[in-house]
Amino acid sequence: MKLENPFPEYGYFGAEYFCDREKETKELMEALLNGSNVTLMAPRRIGKTGLIFHTFERMKEKNKKVQCFYVDIFSTKTFNQMVQVIANAVIGKLDSPSQSIKRKLNNFVTSLRPTMSQDPITGMPTFSFTVEPINARQTLEQVFEYIKESEQPCYLAIDEFQQVSQYNEIGADAFIRSIIQFIPNLHIIFSGSQQHLLAEMFMSPKHPFFNSSQLMTIKEIDVDKYTGFANGFFAKQNRIVPKEVFTYLYDMVDGQTWYVQKILNRLYRTPRAKLDQTEVLVAVNKIIAEQEINYQSNYNLLTENQARLLTAIACQGTVNAPTALEFIHRYHLPAPSSIKMAIKSLIDKEFLYQDPIKGYLVYDRFFGMWLKRLAGLC
């Protein structure tokens, strides 16, 4: 699929529009093809989902029989909702054209209530499902049995898997682990952005998934590789983003893929042949202005202590010791005990992120810029 703008903000559109990640793709492919499950941990908007789709595409190029499924369970609040998302992604996709899908459904997933409709483009029958809470565990067993009985090599990515730890259902993670370990033709990517929750699930001996998968993290794309990738598209229009300008753009958002892409998307729309820092600032200012209402709404949801701390961190950029007296006095913050409470709440709400090396920083880079402007003298 050819794109008018080669810097999509969302979605995966093939290798042509995917920057680098060669090492990470190879590592993820090797793990899956050698029979390992993988836990993929990284902050939101750094490119986990794109990496998963890119890896799946490469795997299908090597073996046409490979079946790959991606589900995002971030919006699910219960185990039942998670099962429904997985069932809708998988059931019916492993049938051959000569098989009766309806018969297969009756044989494998008796606890689902399927509704059949017709795809308006392909004309093929499609299904949506309703899962009754009382049947959720039975349904998940039957979905995985359906995968097992297909005898096809299957790979399932469950994004934002840490949501499982937030369900009210007791032992949901243990139940999932008990099923998947007996499906020899299925391997899973457990992906997530709330790394503290995901790490607890897969690295603590207290949890069922302890030592059950290969751990993997991804970092920012190398600035030089990203510069070359971007200019490959600008060159087709006889345009260029000079290295120092791209580095300025890259550093402004800490190299986070989604933010870089969003700025590049805007720059690609501008007519100038040689882009400069002014053009970058114009693009960023427009993005922030478009989100002004959302940022103000999010800010209004914060308590006074949370707002003061988040703004202080935005002004500082990154903070390793938010309870240090020098930092507290500089930004007129409350007592260390109040700061610790605010930090926990801001991390849980994903306003704040703790980088293991850089320290604490505002999760949404554009929101951080808005906060700095709100503070006035930062």
Side-chain angles (χ1 to χ4, degrees), residues 39-46 48-49 72-79 81-82 85 158-173 190-204 206-210 215 217-218 254 256 258-259 291 294-324 327-328 331 333-372 374:
T39 301
L40 180 61
M41 297 187 291
R44 194 183 302 282
R45 294 178 171 177
I46 201 169
K48 295 187 306 301
T49 303
D72 184 345
I73 64 169
F74 181 71
S75 62
T76 63
K77 303 300 181 185
T78 66
F79 179 77
Q81 290 176 354
M82 182 205 71
V85 169
I158 308 178
D159 207 354
E160 303 302 345
F161 187 73
Q162 73 278 341
Q163 285 297 114
V164 173
S165 67
Q166 307 301 300
Y167 298 155
N168 288 329
E169 288 85 352
I170 298 173
D173 52 350
F190 303 100
S191 176
S193 57
Q194 292 183 296
Q195 295 179 80
H196 61 296
L197 295 177
L198 209 59
E200 176 72 13
M201 293 178 72
F202 287 89
M203 299 171 68
S204 170
K206 298 183 296 182
H207 292 271
F209 277 100
F210 174 65
L215 301 178
T217 59
I218 60 173
D254 303 307
Q256 301 294 294
W258 182 83
Y259 300 95
Q291 295 298 317
N294 289 334
Y295 293 151
Q296 186 65 61
S297 177
N298 288 337
Y299 185 78
N300 291 340
L301 293 174
L302 303 174
T303 66
E304 181 180 353
N305 284 346
Q306 291 168 2
R308 289 166 63 186
L309 175 62
L310 194 64
T311 303
I313 292 174
C315 292
Q316 191 81 356
T318 58
V319 178
N320 270 310
T323 57
F327 178 70
I328 290 174
Y331 295 102
L333 298 174
S337 58
S338 296
I339 290 176
K340 290 179 180 177
M341 290 178 59
I343 286 174
K344 184 180 184 308
S345 179
L346 290 170
I347 288 177
D348 289 342
K349 295 175 181 177
E350 294 195 327
F351 284 114
L352 201 62
Y353 170 70
Q354 185 179 14
D355 184 278
I357 298 174
K358 298 176 183 178
Y360 296 96
L361 62 158
V362 179
Y363 214 140
D364 184 329
R365 302 308 194 271
F366 294 138
F367 185 38
M369 296 177 197
W370 182 84
L371 288 168
K372 289 178 71 173
L374 188 68

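Predicted model only: the values in this text are computed from it and were never measured.
The environment of Asn300 atom CG is dense: over 12 non-hydrogen atoms of other residues, nucleotides or ligands sit within 6.0 angstrom.
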inquiry  = Show, in sequence, the C-alpha distance, side-chain angles and deciding distance for Phe74 and Gln163, and conclude whether the side-chain contact (heavy atoms from CB on, under 4.5 Å) test is met.
reply    = CA-CA 6 Å; Phe74 181 71; Gln163 285 297 114; 4.2 Å; yes
ask   = Taking it one step at a time, do Thr76 and Gln166 satisfy side-chain contact (heavy atoms from CB on, under 4.5 Å)?
value = CA-CA 10 Å; Thr76 63; Gln166 307 301 300; over 6 Å; no
request  = I would like to know whether Ile158 and Val85 meet side-chain contact (heavy atoms from CB on, under 4.5 Å); could you show each step before the answer?
outcome  = CA-CA 10 Å; Ile158 308 178; Val85 169; over 6 Å; no
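Between Val164 and Ala172, the closest heavy-atom pair is CG1-CB, 4.2 Å. Gln354 and Tyr360 get closest at one heavy-atom pair: NE2-OH, 3.4 Å. Closest heavy-atom contact between Ile328 and Pro322: CG1-O, 4.0 Å. Between Ala314 and Gly368 the shortest heavy-atom distance is CB-O, 3.6 Å. The nearest pair of heavy atoms linking Phe190 to Leu198 is O-CD2, 4.2 Å. Scanning both residues, Met201 and Gln162, for their nearest heavy atoms gives SD-CA, 3.8 Å.
Counting heavy atoms from C-beta on, the side chains of Gln291 and Asp364 never come closer than 4.5 Å. Contact check for Arg365 versus Gln256: side-chain heavy atoms found under the 4.5 Å cut-off. Using a 4.5 Å heavy-atom cutoff, the side chains of Tyr299 and Leu310 are not in contact. A heavy-atom distance below 4.5 Å is found between the side chains of Leu309 and Leu333. Using a 4.5 Å heavy-atom cutoff, the side chains of Thr49 and Glu160 are not in contact. Side-chain contact between Leu301 and Lys349: absent, with no pair of heavy atoms (C-beta onward) separated by less than 4.5 Å. Side-chain atoms of Tyr331 and Thr311, non-hydrogen and from C-beta on, never get closer than 4.5 Å to each other. Counting heavy atoms from C-beta on, the side chains of Asn294 and Phe366 never come closer than 4.5 Å.
For Glu200 and Ser165, the side-chain atoms include no donor-acceptor pair closer than 3.5 Å. There is no side-chain donor-acceptor pair under 3.5 Å between Gln306 and Glu304.
The structure places CG of Asn320 at 10.0 Å from CD1 of Ile357, a figure rounded to the nearest 0.5 Å. A distance of 7.0 Å separates CD1 of Ile339 from CZ of Phe327, quoted to the nearest 0.5 Å. Atom CE of Met203 and atom OG1 of Thr39 lie 9.5 Å apart (nearest 0.5 Å). Phe161 CZ to Phe209 CZ: the interatomic distance, rounded to the nearest 0.5 Å, is 4.0 Å. A distance of 9.0 Å separates CE of Met82 from CD of Glu169, quoted to the nearest 0.5 Å. Taking OG of Ser191 as the start and CG of Asp72 as the end, the distance is 8.5 Å to the nearest 0.5 Å.
Partner of Thr318 under the side chain to side chain contact (heavy atoms under 4.5 Å, CB included) criterion, out of Asp254, Val362, Ile313, Leu361: Leu361 alone. The residue from Lys358, Arg44, Gln195 that alone fulfils the side-chain hydrogen bond (donor to acceptor under 3.5 Å, both in side chains) condition with Tyr353 is Gln195.
At distances below 3.5 Å, not a single donor-acceptor pair connects side-chain atoms of Gln316 with backbone N or O atoms of Ala312.
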